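Each remark here refers to the structure printed beneath this line.
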2 protein chains.
Amino acid sequence: MPDTTPEELVAVAEVGPVQEVLQAIADPVRLEMVRRLAAAPDLTVRCSALYDDIGKSTASHHFKVLRESGLTERLSIEGQPHQRLRLSAVGERYPGLLDTVIQALDD
Amino acid sequence: MPDTTPEELVAVAEVGPVQEVLQAIADPVRLEMVRRLAAAPDLTVRCSALYDDIGKSTASHHFKVLRESGLTERLSIEGQPHQRLRLSAVGERYPGLLDTVIQALDD
DNA sequence: TCACAGGTTCGATGATCATCGAACTCGTGC
DNA sequence: GCACGAGTTCGATGATCATCGAACCTGTGA
């Protein structure tokens, strides 16, 4: 791969259609992941801190669904993989959606 | 049944938890139903006008899911059953959620 | 170089849910 | 009363998807 890839290009990803976004957060496990991400500083959390009581492979599957819908992105901090909630990107495309959902979670 | 039931009591129904609401609108068929309801005058539409290409029983199942989540309510107009989108009730509990989703549907 | 920890991918299994047809209910009108 | 149209309920079937274990990849640090 070329070493000319700027960091920004990696981060740029499309937020999927509403349908896809809704299905992504309609799952209890994934919704909990989003909740923890939203509560974290910088919206960033180590993968293993996003779940409990499920297997690694299951968690990884949910990460993928969240990422493909554009809700989260993968990034590396000191070599460790992390997940980051793309709050502003989602907010631009669907204003108020995520905020309202997150707000409703810690009622 | 007693004839003392005021009309208001029938209409009063709780909007379900976010989880339930999200799952309700995450389905393609139900999302289309919501879209048609939102576009209709008075947010009210005859049941048969909310779908095509699926059986009556399937449609009725989706009506039930929407109703139980608090998104819609059943009402009778000249003897004919109708569905009504409870836009304001949902908006009170989850501000901006439905509006944003509906807005995104007719992009 | 090797071992190890943390995520990912791959198939297979199981549960959940959308779909359907048939029987039932409720209103309307003949 | 009966027939009819429109929704609902009920079981059964099928597809979708969450879950898991095992193998694989990719860093880090002996």
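Just so it is clear: chains get the letters A, B, ... in the order the sequence lines come, proteins before strands, and each one is counted from 1. In this text, all values refer to a predicted model and were calculated from it rather than measured experimentally.
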Discussion item. Grouping I, L, V, M, F, W and Y whenever their side-chain heavy atoms are under 4.5 Å apart, do B:L66 and B:I54 come out in a common cluster?
Written reply: yes
Response to the item:
Separation of D:dA18 atom P from A:E68 atom CD, nearest Å, is 12 Å
Fill in: Among C:dC20, C:dG7, D:dA18, the one nearest B:T58 by side-chain distance
C:dC20
Discussion item. What's the closest nucleotide to the side chain of B:Q83 if the choices are D:dT8, C:dT9, D:dA6?
Written reply: D:dT8
Worksheet item: Think B:R30 has a side-chain N or O under 4.0 angstrom from the OP1 or OP2 of C:dT19?
Response: no
Discussion item. If you only use heavy atoms from C-beta on, which nucleotide in D:dA18, D:dG7, C:dT8 is closest to the side chain of B:K56?
Written reply: D:dG7
Discussion item. Using whole Å, what does the distance between atom C1' of nucleotide C:dT8 and atom CG of A:L50 come to?
Written reply: 15 Å
Discussion item. How about CD on A:E32, more than 12 heavy atoms from neighbouring residues, nucleotides or ligands closer than 6.0 Å, or not?
Written reply: yes
Fill in: Spacing between B:D27 atom CG and C:dT16 atom P, to the nearest angstrom
18 Å
Worksheet item: In whole angstrom, what separates A:E78's CD from C:dG7's P?
Response: 14 Å
Response to the item:
Testing D:dT8, C:dT8, D:dC20 for proximity to the side chain of A:R74, the answer is C:dT8
Worksheet item: For the pair made of CD in B:Q23 and P in D:dC17, what is the distance, rounded to whole Å?
Response: 13 Å
Item to complete: Compare the minimum distances between each of D:dC10, C:dG7, D:dC20 and the side chain of B:S57, then state the nucleotide with the smallest one.
Response: D:dC10
Worksheet item: How close or far is atom C1' of D:dC10 from atom NZ of B:K64, stated in whole angstroms?
Response: 10 Å
Discussion item. So B:S48, base contact, sugar-phosphate only, or nothing? Heavy-atom distance under 4.0 Å.
Written reply: sugar-phosphate
Worksheet entry | Co-membership, hydrophobic cluster, residues B:L31 and A:V65, 4.5 Å side-chain | no
Response to the item:
With the side chain defined as heavy atoms from C-beta on, B:Q80 is closest, among D:dA6, D:dT8, D:dC20, to D:dA6
Worksheet item: Separation of A:F63 atom CZ from D:dT19 atom C1', in whole Å?
Response: 15 Å
Discussion item. Any base atoms under 4.0 Å from A:H62, or only sugar-phosphate, or nothing? Heavy atoms, all strands.
Written reply: sugar-phosphate
Discussion item. Students often get this wrong, so: under 4.0 angstrom with heavy atoms, is B:S60 touching a base, only sugar-phosphate, or nothing?
Written reply: base
Worksheet item: Any sub-3.5 Å donor-acceptor pair from A:R67's side-chain atoms to A:Q83's backbone N or O?
Response: no
Fill in: Per B:R46 side chain, nearest of listed nucleotides D:dG7, C:dA18, C:dC20
D:dG7
Discussion item. What is the separation between atom NE2 on B:H82 and atom C1' on D:dG5, rounded to the nearest whole Å?
Written reply: 14 Å
Item to complete: May I ask whether B:L105 and A:L22 are part of the same hydrophobic cluster, defined by side-chain heavy atoms of I, L, V, M, F, W, Y residues being less than 4.5 angstrom apart, directly or through others?
Response: yes
